[in-house]
Amino acid sequence: MENEHAPRGIDPTKAHPARRYNYWLGGKDNFRADRESAEQVATGFSTVRLAAVENRKFLRRAVTHLTAEAGVRQFLDIGTGLPSAGNVHEVAQAIAPQSRIVYVDNDPIVLVHARALLTSVPEGATAYLDADVRNPRSIIEHPDLLRTLDMTRPIALMLVATMHFVTNDQDPYGIVTTLREILPSGSHLVMTHATDEHLDAAGRAEAHEANVRSGIPFQTRDRAEFARFFDGLELLPPGIVNVIDWRPDEPAEDRPDERDVSMWCGVARVP
Ligand SMILES: C[S@@+](CC[C@H](N)C(=O)[O-])C[C@H]1O[C@@H](n2cnc3c(N)ncnc32)[C@H](O)[C@@H]1O
């Protein structure tokens with residue numbers, strides 16, 4: 001960030017997930033503490049920047065598919081991150097201008113930049129909630145959400161690279177179950193999640209230690225733990241796969257090694 005000058009209400013001395021992710025994606029809205037945290041993670045998982053880029057590419061493909069093929073017109077994007085190339089409303093409204101999007105994040109820096117997320121075309125709508133996914137009722141009962149989305153029509157609930165910030169003692173499955181309560185039939189759940197399953201034991205230990213040193217609580221989950229979030233839903237083909245393998249645009253030989261990305265994803269329909 002220019003001259004490391006922090007907007008009011010922002011603590012530049014402590015690393016935050018949204019700012020660290022912004023650094024990995026090549027953005028400028030981050031501080032030294034975020035970059036140091038990012039470099040700490042990279043000491044244990046050197047391709048983390050590639051993982052962030054591939055995760056973002058998945059998000060674009062999933063929103064494109066849901067809008068163009070599945071007819072979804074409403075999105076609840078929790079853990080939005082800083083505005084970036086291909087925000088959900090930009091991707092969805094390029095295909096269906098009437099799309100309505102509610103963004104949610106708990107990082108104060110995202111709130112500062114939220115205006116860039118509130119640039120809906122006139123046919124659609126966007127809203128931003130400053131809320132914490134660990135208090136899911138504060139999201140699903142929020143008046144701005146109820147004003148923006150039609151709760152009787154399908155909604156894509158997006159938790160893209162968000163739930164690995166919710167540790168096991170914070171009831172991750174209960175949170176997603178509560179959020180899923182509002183989804184009418186024909187809705188979708190879209191998730192990605194970091195895993196250490198592709199690494200060997202030494203790699204796992206290194207990645208774990210590096211995450212601890214980075215100062216941001218982080219919980220990787222294996223395939224079975226990730227799949228549990230989708231219990232009772234109909235997974236769209238190709239099911240639960242690495243983000244690089246979900247309806248890819250590039251041929252297999254041009255895609256990175258899955259160990260270098262280590263992110264599960266899934267898109268599922270509410271029956
Ligand atoms: C890695 S970024 C992902 C951004 C975007 N979804 C994407 O995939 O490109 C994770 C985001 O989740 C947000 N986040 C982390 N914990 C959260 C919480 N408890 N409640 C709401 N948002 C949270 C962070 O602030 C950050 O913006």
Side-chain angles (χ1 to χ4, degrees), residues 54-81 83-105 117-129 131 133 136 139-142 144-163 175-193 226-227 229-241 243 245-249 263-271:
E54 290 296 331
N55 174 73
R56 192 77 193 172
K57 283 163 68 178
F58 160 83
L59 182 144
R60 180 188 279 272
R61 295 197 303 279
V63 172
T64 300
H65 172 80
L66 289 175
T67 315
E69 311 289 333
V72 173
R73 297 290 178 262
Q74 306 195 100
F75 296 83
L76 172 55
D77 179 25
I78 304 180
T80 301
S84 181
N87 297 305
V88 172
H89 75 284
E90 292 161 345
V91 177
Q93 292 185 343
I95 300 164
Q98 69 272 40
S99 299
R100 307 176 78 80
I101 292 89
V102 173
Y103 291 112
V104 183
D105 209 289
L117 298 166
L118 302 176
T119 54
S120 172
V121 297
E123 299 91 327
T126 54
Y128 181 79
L129 314 185
V133 74
I139 297 173
I140 62 179
E141 293 168 2
H142 198 292
D144 289 347
L145 180 142
L146 300 172
R147 249 194 301 274
T148 308
L149 302 182
D150 176 346
M151 307 311 284
T152 68
R153 300 188 63 78
I155 298 166
L157 167 61
M158 310 198 39
L159 291 161
V160 179
T162 303
M163 289 306 288
I175 289 168
V176 175
T177 300
T178 302
L179 294 169
R180 279 175 48 178
E181 277 172 18
I182 62 164
L183 301 179
S185 174
S187 294
H188 289 76
L189 173 64
V190 181
M191 289 185 70
T192 71
H193 199 296
F226 178 62
F229 289 112
F230 296 91
D231 277 357
L233 304 182
E234 298 163 354
L235 278 162
L236 270 48
I240 289 174
V241 290
V243 290
D245 293 325
W246 198 90
R247 301 178 189 234
D249 295 327
M263 291 283 291
W264 291 124
C265 74
V267 179
R269 185 178 180 280
V270 177

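Residue indices begin at 1 and follow the sequence shown. In what follows, every heavy atom counts, from backbone to side chain, and hydrogens, waters and symmetry copies are set aside.
For D231, there are no side chain to side chain donor-acceptor pair (under 3.5 Å) partners two or more places apart in sequence or in a different chain. With sequence neighbours left out, the ring pair (Phe, Tyr, Trp, His ring centres under 6.0 Å) criterion links H89 to Y103. Applying the side chain to side chain donor-acceptor pair (under 3.5 Å) criterion to E141, with sequence neighbours excluded, gives no partner residue. Listed by chain and residue number, nothing satisfies the salt bridge (charged side-chain N to carboxylate O under 4.0 Å, His left out) test with R61 (two or more places apart in sequence, or in another chain). Taking T162 as the reference, nothing meets the side chain to side chain donor-acceptor pair (under 3.5 Å) condition, with sequence neighbours excluded. Under the ring pair (Phe, Tyr, Trp, His ring centres under 6.0 Å) criterion, H65 pairs with W246, not counting sequence neighbours. D150 is linked by a salt bridge (charged side-chain N to carboxylate O under 4.0 Å, His left out) to nothing, counting only residues two or more places apart in sequence or in another chain. L146 pairs by the side-chain contact (heavy atoms from CB on, under 4.5 Å) definition with M151, not counting sequence neighbours. Evaluation of the side chain to side chain donor-acceptor pair (under 3.5 Å) rule for T192 yields N55 as partners, not counting sequence neighbours. For I240, the side-chain contact (heavy atoms from CB on, under 4.5 Å) partners two or more places apart in sequence, or in a different chain, are R223, F226, A227, F230, L235, W264.
When all heavy atoms are compared, the tightest approach of P184 to R153 is CG-O, 3.3 Å. Pairing each heavy atom of S185 with each of P154, the nearest pair is O-CG, 3.9 Å. Heavy atoms only, all atoms of each residue included: R60 and G86 are closest at NH2-CA, 3.5 Å. Of all heavy-atom pairs between T148 and A125, the closest is CG2-CB, 4.2 Å. Nearest heavy-atom pair, V267 versus A62, reported as atom, atom and distance to 0.1 Å: CG2-CB, 4.3 Å.
Using a 4.5 Å heavy-atom threshold, the side chains of R56 and S84 count as touching. No side-chain heavy atom of L117 sits less than 4.5 Å from a side-chain heavy atom of I101. V88 places a side-chain heavy atom less than 4.5 Å from the side chain of M158. L236 places a side-chain heavy atom less than 4.5 Å from the side chain of R247. Between L157 and F75, the closest side-chain pair of non-hydrogen atoms is not below 4.5 Å. Using a 4.5 Å cut-off on side-chain heavy atoms (C-beta onward), L145 and L76 make contact. Side-chain contact between Q93 and S120 is present, with at least one heavy-atom pair separated by less than 4.5 Å. Using a 4.5 Å heavy-atom cutoff, the side chains of T126 and R100 are not in contact.
The salt bridge (charged side-chain N to carboxylate O under 4.0 Å, His left out) contacts involving residues 64-81 comprise nothing, where partners must be two or more places apart or lie in separate chains. For the salt bridge (charged side-chain N to carboxylate O under 4.0 Å, His left out) condition, the pairs that include at least one residue of residues 176-187, sequence neighbours left out, are R137-E181.
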When you look at V72 and T67, which way does the side chain to side chain contact (heavy atoms under 4.5 Å, CB included) test go after all the steps? CA-CA 5 Å; V72 173; T67 315; 5.7 Å; no

Using side chain to side chain contact (heavy atoms under 4.5 Å, CB included), reason through E54 and M263 one step at a time and then give a plain yes or no. CA-CA 9 Å; E54 290 296 331; M263 291 283 291; over 6 Å; no

Worked verdict on L179 versus L159 for side chain to side chain contact (heavy atoms under 4.5 Å, CB included): CA-CA 10 Å; L179 294 169; L159 291 161; 4.3 Å; yes

Should V241 and C265 be marked as a side chain to side chain contact (heavy atoms under 4.5 Å, CB included) after you check the CA-CA gap, both sets of side-chain angles, and the distance that decides it? CA-CA 6 Å; V241 290; C265 74; 4.0 Å; yes

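No side-chain N or O of Q74 forms a donor-acceptor pair with one of S99 less than 3.5 Å apart.
In this structure, the side chain of S187 does not engage the main chain of A156 through any donor-acceptor pair within 3.5 Å.
Exactly one of V104, V160, L129 qualifies for a side-chain contact (heavy atoms from CB on, under 4.5 Å) with I78. That residue is V104.
I175 CD1 to I139 CD1: the interatomic distance, rounded to the nearest 0.5 Å, is 9.0 Å.
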